[in-house]
Undergrad: 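Quick one: structure below, then a few questions.
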Amino acid sequence: MENTKKELIEAAREVRTRAYAPYSKFKVGAALRTKNGKIYTGCNVESASYGLTVCAERVAIWKAVSEGEKEFTEIAVVADTQELTPPCGVCRQIIWEFCGDVPVIFANLKGNSEVVTMKELLPRAFDTKFLK
Ligand code: THU
């Protein structure tokens, strides 16, 4: 695996330690690379009102977009599961919105990883092109 992907996984692993997940105890970290090579990270943040929880992937995207970033090249997601954890359906829609058909890296704490494309994760996506 390329060093840039390893670096992204490492960033997602690190931010995962700061996940606020007292209800599910399921900690997730995400790291997003911009076209210029900058990395934005996010962890899941839960709420006692469960439905208000925000996933790690969206936290990373909200952070990057709110700092003015517009172009992204890849995203990594890290969780402590044997079967590699993919982004949830809501996050797939949001990743598609801001990143398009980028590679998505799934990784766990044991050093296993896999790369899939957003198109594989969200075929026939609804997006802005339908709004014309
Ligand atoms: N979660 C993420 O942060 N990303 C995913 O891809 C899957 C789910 C979070 C949401 C919630 O805090 C916890 O994992 C359990 O669903």
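Hydrogens, waters and symmetry mates play no part in the numbers below; they use all other heavy atoms, side chains included. Index from 1, following the sequence. All ligand and atom numbering here is 1-based and tracks the order in the structure. Given the structure is predicted, the values throughout are model-derived calculations rather than measurements.
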Undergrad: Could you walk me through whether Glu57 and Arg92 pass the salt bridge (Lys or Arg N to Asp or Glu O under 4.0 Å) test, one step at a time?
TA: CA-CA 9 Å; Glu57 296 88 328; Arg92 291 177 199 206; over 6 Å; no
Undergrad: Apply side-chain hydrogen bond (donor to acceptor under 3.5 Å, both in side chains) to the pair Tyr40 and Glu69, showing each step before the final yes or no.
TA: CA-CA 10 Å; Tyr40 286 85; Glu69 301 289 356; 2.9 Å; yes
Undergrad: Side chains of Ser24 and Glu46: is there a donor and an acceptor less than 3.5 Å apart?
TA: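 There is such a pair (donor and acceptor under 3.5 Å, judged by atom type) between the side chains of Ser24 and Glu46.
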Undergrad: Within the 3.5 Å criterion, strictly below it, is a donor on Glu7 or Thr4 matched to an acceptor on the partner's side chain?
TA: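 Absent: no donor and acceptor within the cut-off.
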Undergrad: What is the ring orientation for Phe126 with Phe130, classed by angle as parallel under 30°, tilted 30 to 60°, or perpendicular over 60°?
TA: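 Rings of Phe126 and Phe130: parallel, under 30°.
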Undergrad: Using ring centroids (six-membered ring only for Trp), state whether Tyr23 and Tyr50 fall under 6.0 Å.
TA: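 Between Tyr23 and Tyr50, which both carry aromatic rings, the centre distance is below 6.0 Å.
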Undergrad: For ligand 1, give me the residues whose heavy-atom distance to it is below 4.0 Å, by chain and number please.
TA: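 Lining ligand 1 at under 4.0 Å, by heavy atoms, one finds Ser24, Phe26, Val28, Asn44, Glu46, Thr53, Cys55, Ala56, Glu57, Pro86, Pro87, Cys88.
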